[in-house]
S.K.: 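Can you keep this structure in mind? I'll have questions shortly.
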4 protein chains.
Amino acid sequence: MGSILRATARILTRDGYEGASTNRIAEVAGVSVGSLYQYFPSKDAIVAALIDAHCEEMFEVFRRELAAVAGADLEAAARAVVAAQIEAHKVNPKLHRVFLEQLPKVGMLKRFHEIGRRSEALVRTYLEARREEMRPANLDLAAFLLVTTVEAVTHAAVIDQPERLDDPDFIPEVTALCVRYLAKGSGPPRG
Amino acid sequence: MGSILRATARILTRDGYEGASTNRIAEVAGVSVGSLYQYFPSKDAIVAALIDAHCEEMFEVFRRELAAVAGADLEAAARAVVAAQIEAHKVNPKLHRVFLEQLPKVGMLKRFHEIGRRSEALVRTYLEARREEMRPANLDLAAFLLVTTVEAVTHAAVIDQPERLDDPDFIPEVTALCVRYLAKGSGPPRG
Amino acid sequence: MGSILRATARILTRDGYEGASTNRIAEVAGVSVGSLYQYFPSKDAIVAALIDAHCEEMFEVFRRELAAVAGADLEAAARAVVAAQIEAHKVNPKLHRVFLEQLPKVGMLKRFHEIGRRSEALVRTYLEARREEMRPANLDLAAFLLVTTVEAVTHAAVIDQPERLDDPDFIPEVTALCVRYLAKGSGPPRG
Amino acid sequence: MGSILRATARILTRDGYEGASTNRIAEVAGVSVGSLYQYFPSKDAIVAALIDAHCEEMFEVFRRELAAVAGADLEAAARAVVAAQIEAHKVNPKLHRVFLEQLPKVGMLKRFHEIGRRSEALVRTYLEARREEMRPANLDLAAFLLVTTVEAVTHAAVIDQPERLDDPDFIPEVTALCVRYLAKGSGPPRG
DNA sequence: AATGAATGAGAATTCATTCAT
DNA sequence: GATGAATGAATTCTCATTCAT
């Protein structure tokens, strides 16, 4: 079971979805195709299990890092969300990329949306706890925007433009993006 | 040839990637498989051409809408960027979705990253023209963050959570996210 | 083992030959595949044993019913043969059908031919005991024709056209077919 | 197309259903598997087409021989039915046997039942034309019994006990079986 | 005796691509 | 240029059978 998932992950990161035939997975896993089908009902099920495990891992990193700053102020919390997402993306960037770039089956992506929503829930809980400090009235929308934004920016940086992470301004600026959006007192000099 | 691309787009949006075999594309296009291979060297080339055309269309919408507010103030420009991205995603959402969710070939996604970068360039030009109004020192980073953010938020809304677009707060809040990040005078109470 | 045969029969009648894999048989029988192979050398052997048991049951019904009219006259005996065959086919019609319609292995059918021959022997014995009443000189051929005929007609009725059995003429006519063939005095006007 | 059917027939008669894999059929036919699937949607479709052709051939022989004695008397007609069935079974006995002994799919057999019914229709028409000579009141049942009987007896002889055909009594006796059943005046000396 | 995980040959089917006409 | 029949490697999945425990 574990060896099958590990073999699949390995093939996926090396050769992409194309190379991951069930026979090849079995071969790399050092088991027979028959055994593979004793543990997983289909090829898709293997990939799905792998995605689930990956998502769970990422979410766990995110959840833990966020929990660590539950009591901190807005700025610290924002910074934590950003750092958490970056860390979560570092769990297995190559595999992450393959999942998002090469998954031909509808439904695979839904598993990713799910961690998005679960992340939103965590963030919303934090925001609601400090509602009086928050400018946005709709905290549900705010959580959606924050999570989507930080995930996108993080993803783009970690996966596509790793040099962005070397920019010392990166984390501060992403944090600013969040904080200035959320913080009550602030705002552009209207008019 | 146009009929081949049109047929491919039609099959892709109707039946997804699975249904798009070269024989079926040729059939729907009303040509023979042989002819198909006279115009495109491979199946991937057809899909690539289709993606290119789609991206070009999206970028053109974005470019045009942005140009229209080239002289406007920050708030208006931000709102324009947001609206532009939403419009761009409405060019052919079904096809857009298929491209991003079902394409098992490496490299297809890179074509999408490209419009991202071209969009960034446009935005950076705008930002630089009003540098003195801008809080961020690194306008390249700012452009990256803005474009990535607005694209992600727009994409998530248009493709995955269409009900978000019905929320009257949506565009204002996304605009706020951009403007408060950019505007000089603003900032959290802290400083 | 009985439970294995019972499980096989159950699967065969419910799901047909396709569903009867050794693993499924073992599962339904409540034993392990390994145990299954301790009792039967192969899957074919299980099916063969099942056929044998089924044929034996059918033959036993036939034999018993025929014996009951051993002393009766020709007409009664003929009617008994017919009734016996009908009863024999009612032993387990579903299983009977599966055996004859879905068994892809050479040699399975031979087991059915065997009861045919054994039935012929019984009938021949009866005919010989009343040789002087019989028109046919070749009682071996007569027995073959009778058994084959009654089996075919019965089979077609029970298995394929059950409504035939509701026809009150059915048994009398089949009996007539036999008796008129056998009886000495009778014959077409011609001679 | 023809070569595929011919190859299938050849494999079926030589090695039985087991040996007839699509790859093997294609190989023997001298075409590629791909071509095979260009002509037939599935393996079953090939076998079905083969059965249909075989049944049609058999039925045609039967129909023609019966037509030839349409005007003849009962005895001659009966003899013709018998001879027709024997000839029909000689069309391709080996293939016939395979079809009836090794066809694992339900529905294949139905195609055989169909020629049975079509044969019954022909026979019934003949019987009705000479209704006044006939003893049985129910000519539908009579046709069913005759066709089923002659088919069974013929089949058993041609396929399973070829030596029966060498018996000079065989055809006369089968004819007697039919004629004595049908002919009006005759009958066992009741009581 | 019993177990059931492991085996792996083999089956049906697909589909991008070619090339003779 | 256009055609479309032919190709055949490759894919997913099954299942009778084995054998170490």
Side-chain angles (χ1 to χ4, degrees), chain A residues 1 3-4 17-27 29-47 104-105, chain B residues 1 3-4 17-27 29-47 104-105, chain C residues 1 3-4 17-27 29-47 104-105, chain D residues 1 3-4 17-27 29-47 104-105:
Chain A
M1 267 236 21
S3 69
I4 293 169
Y17 194 78
E18 305 263 274
S21 74
T22 48
N23 280 300
R24 187 139 148 59
I25 291 172
E27 190 191 58
V31 300
S32 65
V33 223
S35 291
L36 185 153
Y37 277 92
Q38 213 138 30
Y39 292 113
F40 299 95
S42 70
K43 184 187 166 179
D44 282 1
I46 301 174
V47 177
K105 305 283 178 183
Chain B
M1 218 183 130
S3 69
I4 293 170
Y17 193 78
E18 306 265 278
S21 71
T22 48
N23 280 293
R24 186 139 151 58
I25 291 172
E27 187 192 302
V31 300
S32 65
V33 225
S35 292
L36 184 153
Y37 276 88
Q38 221 128 28
Y39 293 111
F40 297 95
S42 71
K43 184 187 170 181
D44 282 3
I46 302 173
V47 176
K105 302 283 181 178
Chain C
M1 216 184 133
S3 69
I4 293 170
Y17 193 79
E18 306 264 277
S21 71
T22 48
N23 280 294
R24 187 139 151 58
I25 291 172
E27 187 192 303
V31 300
S32 65
V33 225
S35 292
L36 184 153
Y37 277 88
Q38 220 127 28
Y39 293 111
F40 298 94
S42 71
K43 184 187 169 181
D44 282 3
I46 302 173
V47 176
K105 302 282 182 178
Chain D
M1 269 236 22
S3 69
I4 293 169
Y17 194 79
E18 305 264 274
S21 74
T22 48
N23 279 298
R24 187 139 148 59
I25 291 172
E27 190 190 59
V31 300
S32 64
V33 224
S35 292
L36 184 154
Y37 278 91
Q38 214 139 30
Y39 293 113
F40 297 95
S42 70
K43 184 187 167 180
D44 282 1
I46 302 174
V47 177
K105 306 282 179 183

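Here is the naming used below: chain letters follow the sequence lines, and residue numbers restart at 1 for every chain.
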S.K.: Should T22(D) be listed as having a side-chain N or O under 4.0 Å from OP1 or OP2 of dA12(E)?
M.R.: yes
S.K.: Quick one: does V47(D)'s side chain get under 4.5 Å of Y17(D)'s, heavy atoms only?
M.R.: yes
S.K.: To the nearest Å, give me how far apart CZ (F40(C)) and P (dT18(F)) are.
M.R.: 16 Å
S.K.: For dA1(E) versus dT21(F), give the span between their C1' atoms, rounded off to a whole number of Å.
M.R.: 13 Å
S.K.: Once you round to the nearest 0.5 Å, how far does OG of S32(A) lie from CD of Q38(A)?
M.R.: 8.0 Å
S.K.: Please report the distance, rounded to the nearest Å, between CD in E27(A) and P in dA9(E).
M.R.: 12 Å
S.K.: So does Q38(B) get a side-chain nitrogen or oxygen closer than 4.0 Å to the phosphate oxygens (OP1/OP2) of dA2(F)?
M.R.: yes
S.K.: Tell me the interatomic distance from L36(B), atom CG, to dT18(E), atom P, rounded to whole angstroms.
M.R.: 12 Å
S.K.: Among the candidates dG4(E), dT13(E), dC13(F), find the nucleotide nearest to the side-chain atoms of V33(D).
M.R.: dT13(E)
S.K.: Under 4.0 angstrom, heavy atoms only, what part of the nucleic acid is Y39(B) near: base, sugar-phosphate, or nothing?
M.R.: sugar-phosphate
S.K.: Are the side chains of I4(B) and M1(B) in contact, using a 4.5 Å heavy-atom criterion?
M.R.: yes
S.K.: Using 0.5 Å steps for rounding, measure from the OG atom of S3(C) to the CD1 atom of I25(C).
M.R.: 11.0 Å
S.K.: When both hydrogen-bonding distances must be under 3.5 Å and the geometry is Watson-Crick or G-U wobble, what is dA1(E) paired with, if anything?
M.R.: none
S.K.: Taking the side chain as C-beta and beyond, is there a heavy-atom pair between I46(C) and Y39(C) under 4.5 Å?
M.R.: no
S.K.: Rounded to whole Å, how long is the line connecting atom CD of E18(B) with atom P of dT13(E)?
M.R.: 18 Å
S.K.: As a test of reading the structure: which of dT12(F), dA16(E), dA12(E) is closest to the side chain of S21(B), going by heavy atoms?
M.R.: dA16(E)
S.K.: Whole Å only: how far is the OH atom of Y37(D) from the C1' atom of dA9(F)?
M.R.: 15 Å
S.K.: Name the pairing partner of dA20(E), where a pair is Watson-Crick or G-U wobble with both distances under 3.5 Å, or state none.
M.R.: dT3(F)
S.K.: On DNA chain E, nearest-nucleotide positions of G34(C) versus G34(A): which is more 5'?
M.R.: G34(C)
S.K.: If you only use heavy atoms from C-beta on, which nucleotide in dT12(F), dT17(F), dT13(E) is closest to the side chain of K43(C)?
M.R.: dT17(F)
S.K.: Mind checking S35(B) for me? I need base, sugar-phosphate or nothing, with any heavy atom below 4.0 Å counting as a touch.
M.R.: base
S.K.: Could you check N23(A) against S42(B) and say which one's nearest nucleotide on DNA chain E is further toward the 5' end?
M.R.: N23(A)
S.K.: Which residue, P41(C) or G19(A), contacts DNA chain F at a nucleotide closer to its 5' end, judged by nearest heavy atom?
M.R.: G19(A)
S.K.: Find the distance R24(D):CZ to dG8(F):C1' and express it as a whole number of Å.
M.R.: 18 Å
S.K.: Please report, rounded to the nearest Å, how far the C1' atom of dG4(E) is from the CD1 atom of I25(C).
M.R.: 16 Å
S.K.: At less than 4.0 Å, is any side-chain N or O atom of S32(B) found next to OP1 or OP2 of dT3(F)? Yes or no.
M.R.: yes
